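Notes for the one structure printed next.
Numbered from 1 within each chain, the chains take letters A, B, ... in sequence-line order. The structure presented is a predicted model; accordingly, all values stated were derived computationally and were not measured. Heavy atoms only: backbone and side chains are in, while hydrogens, waters and symmetry mates are out.
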Amino acid sequence: MLNATPVRSQKAARVIDRMSKKLNRQIAGSLAACVHCGLCTSSCHYVQTNPDDPTYAPAYKADRIRKIFKRHFDWTGRVFPWWVGAASVYTDADLEELKDVAFGKCTNCRRCSINCPMGVDFATANRMMRGLLVSVGVMPEGVAVVSKDQWEIGNQMGVLKEEYLDTLEWMSEELSAELEDPTAVIPVDVADADVVYAINPREVKYDPRTIADAAKIFHLAGESWTMPSEGWDMTNFGLFSGDDDLGGAVARRLYEKVVELRGRKLVISECGHGYRSTRCEGPNWAGMDVPFEMESSVLTMLRYIREGRITVDKSRNTTPVTFHDSCNNARSCGLYEEPRELLDLVVTDFREMYPNRSENYCCTGGGGAMSMSEYTPRRLKSARVKAEQLAATGAKVVVTSCHNCVDGLSDLIRHYKLDMQVTQLVNLVATAAVVPARVAVPAAAGRPAPSLAGRRILVVDDEPDVLVFYRSVLEDHGATVVEAADGETALALARREKPDLVTLDLSMPGTDGGMVFEALRRDDTLTDVPVCIITGRPELRRLIYDRAVRPPEGYLDKPVDDETLLRNVRKILEVT
Amino acid sequence: MSELLHFAEHRLQETALAVMASVYALRLVWLFRFRAGRDRQAPTGSRPPAMARGLLYSWLNVGMPWAMESTRTQAGLYAQFVVFHLGVTAAILLSFVIPYAPHWLDSRALVFGFEGVIGAAFVVGLMRFYRRLSQPTMRAISTPDDYFSLALLTVWFLLAVLAAPNRPETNEPILLAYFFMTAFFLLYVPFSKISHYLYYPFTRYYLGRTLTHRGVYPIRRGPASAAVEGRRVLAADAHRRPERSPTC
């Protein structure tokens, strides 16, 4: 009996059809040229932590794509498929297997690409495969959610315009207060500025201090600058999802806003994939030549110091620091020397990490891995390479110029219990920046911190030490604190005490934070109580944001210091 | 010399070479049918990137074992690569010397040279075969073409070593085997992974163009990457930086 030709699913047929449109000479060459020498194998952090599993080897992963290419586009594979390892995809299950490789076993860090003697750029081929899978709806849930937000809301974290502008206003007030200078503000939509500053929505959502720090530096430098009210997201999930249409739309949105404002230069805040997407890939995806200059804020800050526009005192940053090169910055954009030059100016104790620059290892949260919670165990296992790298430096602070790396590093530091903090250059420069006399704050002239007296705050966390810390910080500033160590108690106390604010941990035994959050929102008597999520597991964000209820009023990553806690609590309670 | 050997050394080789060249031409036409990507981004650096230098770096990369971590840290494999490819070059050269300049082989030193280089490549071929069979990762990424190509070259090296003295009067069967094998090799190469060298200039060109334009190539390493590669590093090195012009 003759073997019947397997029936191909509609999705599999579309993937093959679209592959013909996506292939360019560079990718075709890469797919044709691999000799399976295996030299790239040890360059991958997944391999180093899974030495007995050959399916993590870059050449093996590339072969999952190559076999389709050979079967359909290379005539040796068409004629002798078995001989050259060519094979097609037929079922949706085949596509799911490809998804597991393209999204779950590779962060597109490009480390194997620069270690291939043949110049095979597997990362680029893998991004192409991601894009093909996304085009037929085969992708991790997190990728779908984030892509949807960036398509529909305009930024990848679903930050609403009001929320963004409110945060800028808040940070503006913080800056004015810090510098005792009413002119120290964040200008929005000012036309003809020399600098238009674009940021990562993570800064609005989880790390607004970086916005205030950048604003402080622009102000001290006397820069003519502005932030756009729309199109302000310089990140681009199209880089991770492989969706060039999304990449082009997002990039165009930002470019058009800069043109509309007649900005002379677009300065991109510290973000590896944002920098690569906006400065390098964006013009290609958008199919337009960008009529203004673009640079990383790292270069802007370095220039300000070199030109004497800001003065820095490195003795304010004495903790030993090391620097983690983001893959996108260092390996795909050549931005690796300037951060070190800047660090040399603002810290006293810099310790190099090895390997470094374009040979550095991925933070292991790259390529959108932080949004793919199904692969978290894999990611954290592979992070051992990075943890060992970090620990070997002996530094207490790891500096990086990438928000994605901040999350990836923070997560692995918690997982491997390293005694380290993660920060960015903008924070160090703002700390080291010397405020000149004209805007100097007299030592005794600081305003008393706004009191939280009369505010009742329910703090929920299953770690006793954390509860003690929150209680002491909040009570020291006048708040009345009620504690709960689990979800059930939290709900009971909330109904009884009617707090003004709930701070909520996500990972708790029994009723987890996500369930408590939804219960609070669905309770008519508690639905208006603001909630601030404080979690040590950012991958659990989806427990909150996937729920069909109003999002939380605040979100903080652990570990949280007293200043950050108070600033966010005051902001949510509108205590100024 | 028998007519058969004369045919094997001349007409057969010329035909096989012509077929190989034709298939290679078709291969290049095939590759060029894919559109070349365009990079619209502004070049990295205050001055135009040294594109020629970057491309040269990319093309010569394979001859600079210090340039990549994969070759720096796997010196044994790199040495095997060098010996193997020198062996291929020598074995091909021999297939031209025997029919067109046999008097060269009157020199015992040259014969020893061919035998030594190709013999070493034969040993490397066996080592590579062992590696491909014994390592799970290598097995997982190997196709029948990978095994066959390696076996073909290894046997061909052995025949080349035996044929190098060029003694048709006493050793014609070996010479016949070598030349028929060479012809088969030439015919098989364009259809196999051995044709990788045809793509090498293109893959390295496109990767080199992109990474040079973006300021990544030539790769600059930190002063003491060697620390993780098992070499001792002076603490003072940690304060040295490679020189580099401002970027962006």
Using modelled atom types and a 3.5 Å cut-off, is there a donor and acceptor pairing between side-chain atoms of [X] and backbone atoms of [Y]?
X	Y	answer
B:Arg35	A:Asn24	no
A:Trp75	B:Arg27	no
B:Arg40	A:Ala286	no
A:Ser358	B:Ile219	no

With a 6.0 Å cut-off (strictly less than), is the heavy-atom count around OH of B:Tyr147, excluding the residue itself, greater than 12? yes
Could you tell me which portion of [X] (side chain, backbone, both or neither) has an atom closer than 4.5 angstrom to a non-hydrogen atom of chain A?
X	answer
B:Phe202	neither
B:Phe81	neither
B:Arg209	neither
B:Arg128	neither
B:Thr210	side chain

With side chains defined as the heavy atoms from C-beta onward, is the minimum distance between [X] and [Y] less than 4.5 Å?
X	Y	value
A:Leu39	B:Met68	no
A:Arg110	B:Leu211	yes
A:Asp74	B:Trp30	yes
B:Arg139	A:Pro54	no
A:Thr41	B:Met138	no
B:Arg214	A:Arg276	yes
A:Arg25	B:Leu31	yes

Considering only heavy atoms, which portion of [X] lies under 4.5 Å from any heavy atom of chain B: side chain, backbone, both, or neither?
X	result
A:Met288	backbone
A:Val290	neither
A:Lys21	backbone
A:Cys37	backbone
A:Asp289	both
A:Ala330	backbone
A:Lys22	backbone

Would you mind telling me which of [options] has the largest number of heavy-atom pairs within less than 4.5 Å of chain A?
options	result
B:Tyr200, B:Tyr206, B:Tyr217	B:Tyr206
B:Asp39, B:Thr71, B:Leu26, B:Asn61	B:Asp39
B:Leu207, B:Ile194, B:Ile141	B:Ile141
B:Asp145, B:Leu198, B:Asp146	B:Asp145

Are any of the side-chain nitrogens in B:Arg220 or A:Asp325 under 4.0 Å away from the carboxylate oxygens of its partner? no
Answer yes if the ring centres of A:Trp83 and B:Phe148 are under 6.0 angstrom apart, and no otherwise. yes
